[in-house]
Every structure is written in structure tokens, then in C-alpha cells.
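What you are looking at is a predicted structure, and each value in this text was computed from that prediction instead of being measured. Along the sequence shown, residues carry numbers from 1.
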Amino acid sequence: GLTEEWNITVCLFHAKFGGPILASEIYNVRPGVEKRIGDDPVADALISQARDRLEAWDATSETRVYEAAVARFWREVARYEVDRESCQRKIDDACRKMPTVAPPLQSHP
């Protein structure tokens, strides 16, 4: 699967191996922190430095592997007849069935 196509990845998995989609497969349990450029000068400098290094890096081997994985992913999506609309309906159905989540447990001193 492809992380940038997470919902379709989950649907493809279930099309291949069966079983219902669970809301927990879709829920982002590790959301990142959203920052805007300009909010933190130290972070901005690090991001700029990282971007410069990545742009200078010749990742031809990695790119070929990734491109092959992307091509295989879309071939399998077609083979198993997964499409965005039916996938979204299955995800919506799974989310409707999700029980209400209890608040986190409180620690006791």
C-alpha cells in the first residue's frame, strides 16, 4: 500500500484478504504536529537545511523502487476493482458502526 493513498490501501487489503473494514484502520492514531513556516525560526532553519540536502540528493535507486511500488499498487487496485467511491462508502459504514470512545483513564496519585 501507499501511505499517501491510505484509505484505498485499506480497501485494497480487504478486497484481497477479506474481512470488514474497521474504523480503527482509518483513524489517524499518530497525527503529526502542524506548524506554519515562520512560527519558529529554529524549526524553519532546520526545515530549510533538510530541504536543501534532500534536493541535492540523487535518489535514483530509491525513486525506481518507489515508482515500481506505485505501479504495482495501481495494478492491484484495478485487478481487485477497488475505486474511491465504493471504498469511501465502506469506510463511512465502518465509521458509523464505531462505538463511542470512552475518555482516557485518569491517573491516580
Side-chain angles (χ1 to χ4, degrees):
L2 302 174
T3 56
E4 64 269 27
E5 293 288 351
W6 186 254
N7 289 357
I8 294 204
T9 295
V10 171
C11 289
L12 177 60
F13 176 88
H14 287 282
K16 290 172 72 171
F17 303 110
I21 293 173
L22 304 174
S24 60
E25 294 174 287
I26 303 302
Y27 182 72
N28 185 0
V29 296
R30 295 185 60 104
V33 175
E34 186 175 326
K35 285 193 165 201
R36 293 190 187 127
I37 300 296
D39 285 350
D40 181 346
V42 174
D44 292 348
L46 290 172
I47 290 168
S48 178
Q49 183 182 20
R51 185 177 292 125
D52 291 345
R53 287 182 180 179
L54 283 171
E55 287 173 353
W57 180 40
D58 182 24
T60 53
S61 297
E62 291 84 354
T63 300
R64 282 184 283 207
V65 170
Y66 176 75
E67 288 170 351
V70 169
R72 178 179 176 175
F73 175 78
W74 291 112
R75 279 194 310 272
E76 290 193 1
V77 165
R79 177 180 174 197
Y80 287 92
E81 299 176 344
V82 174
D83 63 78
R84 290 187 192 281
E85 293 78 22
S86 65
C87 180
Q88 190 59 55
R89 283 192 300 273
K90 291 174 184 176
I91 289 168
D92 291 343
D93 186 49
C95 290
R96 274 192 296 278
K97 294 176 183 174
M98 184 174 145
T100 303
V101 177
L105 295 174
Q106 298 295 320
S107 60
H108 298 293

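Around atom CD of Glu81, no more than 12 heavy atoms belonging to other residues, nucleotides or ligands sit under 6.0 Å away.
Scanning all heavy atoms of the two residues, the minimum distance from Cys95 to Ala23 falls at CA-CB, 4.1 Å. In plain terms, the two heavy atoms of Trp6 and Ile26 that are nearest each other are NE1-CA, 4.3 Å. The two atoms that bring Ala94 and Leu22 nearest to each other are CB-C, 4.2 Å, heavy atoms only.
His14 has its side chain out of reach of Lys90: every pair of non-hydrogen atoms, C-beta onward, lies at least 4.5 Å apart. Val70 is not listed as a side-chain neighbour of Phe73, based on a closest heavy-atom distance of 4.5 Å or more. Residues Val77 and Trp74 are in side-chain contact: their nearest non-hydrogen atoms beyond the backbone lie under 4.5 Å apart. Considering only heavy atoms from C-beta on, Leu46 comes within 4.5 Å of Gln49 through its side chain. No side-chain heavy atom of Arg89 sits less than 4.5 Å from a side-chain heavy atom of Asp93.
Annotation: the span from Thr63 atom OG1 to Tyr66 atom OH amounts to 10.0 Å, rounded to 0.5 Å. With rounding to the nearest 0.5 angstrom, the CD1 atom of Ile91 is 5.5 Å from the CD1 atom of Ile21. Atom CH2 in Trp57 sits 15.5 Å away from atom CG in Asp52 (nearest 0.5 Å). Between atom OG1 of residue Thr60 and atom CD of residue Glu67 there is a gap of 10.5 Å, rounded to the nearest 0.5 Å. One finds the CD atom of Glu55 at 13.0 Å from the CZ atom of Arg53 (value rounded to the nearest 0.5 Å). A distance of 11.0 Å separates CD in Gln88 from CG in Asp83, rounded to the nearest 0.5 Å.
With hydrophobic clusters built from ILVMFWY side chains whose heavy atoms lie under 4.5 angstrom apart, Leu2 shares a cluster with Tyr80.
Between the side chain of Thr9 and the backbone N or O of Glu5 there is at least one donor-acceptor pair closer than 3.5 Å.
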